[in-house]
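The structure appears right after this line, and notes come after that.
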Amino acid sequence: ENANLSLLFDRYKDKFTRFPNEKGWMGQNLYMYQGFWYSSENAFSIETMMALQDTFQAHSTDIYLATQPKSGTTWIKALVFAIVNRNRYKNDSSTNPLLITNPHKCVPFLEIEIVGKTPTYVHANTPRLFSTHIPYTALPQSILGSGCRLVYMCRNPKDVLVSWFHFSNKLNDKYHVQMTIDELFEVYSKGLMPYGPYWDHVKEYHKVSSEHPTRILFLTYEDMRKDTANKVKRLAEFLGYPFTEEEEAKGKVEEIVKLCSFENLKEVNKHGDFRKGVPNNSFFREGKVGGWNNDLTTEMSQILDDITKAKFHGLDISF
Ligand code: A3P
């Protein structure tokens, strides 16, 4: 299997090694492709994305969750899994996957369709649930053409940066290089992150969501935090799984909010590894809105605010 994979990837190597490249996150060489930076040689690589673009077949019933890393991917996976499967699993710790395992195991990344083994239940159940960090215009054509639904979640760029900082320094795999906040700030503000620049990623999804609101739902982490129950209802409607009056009366919405809460998931995931070098607990740190001010200087904050203001000018994106 690995041999096939490296043959597949070799096909793309000739191409992307000629793309513009610069050192970015973790000192990695990042490659610029269609306006975004990608790393190479792991599941979240430019090779994987190109292989997906060439081979992936979407189904019209699929649901995709798109985010940039550290924007609340784990949370939105848990919520969507819980909404869609609310009649399949009981809310008890012997059967409900969210009480046993990491939400990343419940909703796999699209990227593992190429580099890993997709859990069989993903293909056995309708709808298939996938998540991805791939920017909108780089998604496989079959996703764009299939008419399926997609949820995008973004988060205040300062909290994303600080979350990246703590997460990166918790990794213990071969990509691990300790970074200071100054070093990370430097590359982040230039957009030199996997799937960066942050701002362009958000802008693309925001644009298509305003053009196709029934296909693409645009959410922010901050709004979700402020009013989780109402957002969960909105999410369920959008996905075609609205709560009935009876379910609402029985407190089903609140049950899902609690099941997917930071506190609950952090407790479930306090031990074990998601994969080698990536502990389950690395996905649950503080879960706060505006926690960035413990790690960023006033100057860093000002620079990021200025970039955000300029890039999001005229768009109704607020955090
Ligand atoms: P912090 O590092 O600010 O605490 P991702 O899932 O995209 O990797 O993002 C991780 C961020 O989401 C972390 O932010 C993490 O604590 C937060 N998070 C994880 N699970 C959450 C949940 N159930 N509710 C709210 N925030 C959550």
Side-chain angles (χ1 to χ4, degrees), residues 25-26 42-44 64-83 96-99 101-111 129-135 151-171 173 175 179 181 184 188 193-196 198 201-202 205 219-229 231-232 235 253-270 273-275 277-296 301 304 319:
W25 176 70
M26 293 280 184
N42 67 51
F44 298 93
Y64 295 89
L65 312 179
T67 56
Q68 282 186 79
K70 309 299 123 205
S71 302
T73 318
T74 316
W75 189 22
I76 195 75
K77 284 188 185 200
L79 287 170
V80 170
F81 184 86
I83 291 169
N96 194 319
L98 289 169
L99 294 171
T101 185
N102 191 318
H104 290 283
K105 299 266 181 196
C106 302
V107 180
F109 282 102
L110 185 60
E111 288 80 348
L129 303 178
F130 285 114
S131 83
T132 186
H133 294 317
I134 296 175
V151 177
Y152 184 73
M153 179 138 107
C154 67
R155 186 184 188 189
N156 179 336
K158 295 191 281 189
D159 282 337
V160 172
L161 165 61
V162 167
S163 189
W164 258 120
F165 171 62
H166 292 282
F167 178 76
S168 305
N169 287 336
K170 250 192 160 171
L171 293 179
D173 61 6
Y175 306 103
M179 286 192 98
I181 189 71
L184 194 63
Y188 184 86
M193 303 292 290
Y195 305 101
Y198 163 90
H201 199 283
V202 174
Y205 277 102
L219 299 171
T220 68
Y221 181 91
E222 290 72 16
D223 277 350
M224 290 290 290
R225 268 311 220 175
K226 220 183 290 163
D227 188 11
T228 314
K231 291 290 175 209
V232 165
L235 193 52
V253 179
E254 288 72 21
E255 201 180 283
I256 286 177
V257 172
K258 194 163 164 230
L259 173 67
C260 301
S261 68
F262 176 79
E263 292 72 22
N264 186 47
L265 295 183
K266 184 172 178 146
E267 180 63 26
V268 172
N269 288 279
K270 66 182 174 201
D273 283 345
F274 167 55
R275 57 183 157 78
V278 185
N280 280 328
N281 67 19
S282 64
F283 295 99
F284 309 90
R285 189 181 61 95
E286 274 190 333
K288 277 198 196 140
V289 170
W292 56 265
N293 61 19
N294 290 327
D295 291 282
L296 299 185
S301 162
L304 290 174
F319 301 105

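Any value given below was found using the heavy atoms of this structure, including those in side chains, with hydrogens, waters and symmetry copies removed. Start at 1 and go down the list; that is how both ligands and their atoms are numbered.
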Counting only heavy atoms closer than 4.0 Å, does ligand 1 sit against the backbone of Ser71, its side chain, both, or neither? backbone
Quick one: are the ring centres of Phe109 and Phe44 less than 6.0 Å apart? yes
So for Phe167 against ligand 1, with non-hydrogen atoms under 4.0 Å, the contacting part is neither
Tell me which protein heavy atom sits closest to atom 19 (C) of ligand 1, plus the residue, atom name and distance to 0.1 Å. Phe283 O, 3.1 Å
Per-atom contacts of ligand 1 with Ser261, taking only distances under 4.0 Å to non-hydrogen atoms: 23 (N)
Mind checking whether Tyr221 and Trp75 have ring centres under 6.0 Å apart? yes
Which residue supplies the protein heavy atom nearest to atom 23 (N) of ligand 1, what is that atom called, and how far is it? Cys260 O, 2.9 Å
May I have all residue pairs that pass salt bridge (charged side-chain N to carboxylate O under 4.0 Å, His left out) and include part of residues 151-163, sequence neighbours excluded? Lys158-Asp305
Heavy-atom proximity to atom 11 (C) of ligand 1 ranks first, among Arg285, Arg225, Arg155, for Arg155
Can you confirm, on distance only, whether ligand 1 has an N/O atom lying under 3.5 Å from any N/O atom belonging to Lys288? no
Sub-4.0 Å heavy-atom approach of Gly291 to ligand 1: no
If you measure from each heavy atom of Lys70 to ligand 1, is any distance below 4.0 Å? yes
Output for pair (His104 NE2, Phe81 CZ), nearest 0.5 Å, gives 13.5 Å
CG of Leu304 to CG of Asn156, rounded to nearest 0.5 Å, is 9.0 Å
So is Leu265 touching ligand 1 or not, going by heavy atoms under 4.0 Å? yes
Short version for Ala78: what comes under 4.0 Å of ligand 1, heavy atoms counted, is neither
Please examine the side chains of Leu79 and Ile256, heavy atoms only from C-beta on, and report whether any two atoms are closer than 4.5 Å. yes
Atoms in ligand 1 flagged as close to Gly72, the criterion being non-hydrogen separation under 4.0 Å: 5 (P), 6 (O), 7 (O), 9 (O)
Counting from 1, what ligand 1 atoms have a heavy atom of Glu286 closer than 4.0 Å? 4 (O), 16 (O)
Atom 7 (O) of ligand 1: the protein heavy-atom neighbour that sits closest, reported with distance to 0.1 Å: Thr73 OG1, 2.6 Å
Nearest non-hydrogen protein atom to atom 2 (O) of ligand 1, with distance, is Ser163 OG, 2.6 Å
Anything under 3.5 Å between a donor and an acceptor, one on a side chain of residues 281-293, the other on a protein residue two or more places apart or in another chain? List them.
unit_1	atom_1	unit_2	atom_2	d
Asn281	OD1	Lys170	NZ	3.4
Ser282	OG	Pro279	O	2.6

Approximate separation, where rounding is to 0.5 Å, of Asn102 CG and Asn269 CG: 4.5 Å
Pairwise side-chain contact, Ser131 with Lys77, heavy-atom cut-off 4.5 Å (strictly under): yes
For Thr74 and ligand 1, does the shortest N/O to N/O distance drop below 3.5 Å? yes
Heavy atoms only: which of Phe262, Tyr221, Phe165, Phe284 lies closest to atom 26 (N) of ligand 1? Tyr221
Are the aromatic rings of His201 and Tyr152 close, with centres under 6.0 Å apart? yes
Just how far is it from atom CG of Leu219 to atom OG of Ser71, taken to the nearest 0.5 Å? 12.0 Å
Any nitrogen or oxygen of Gly287, main chain or side chain, under 3.5 Å from a nitrogen or oxygen of ligand 1? yes
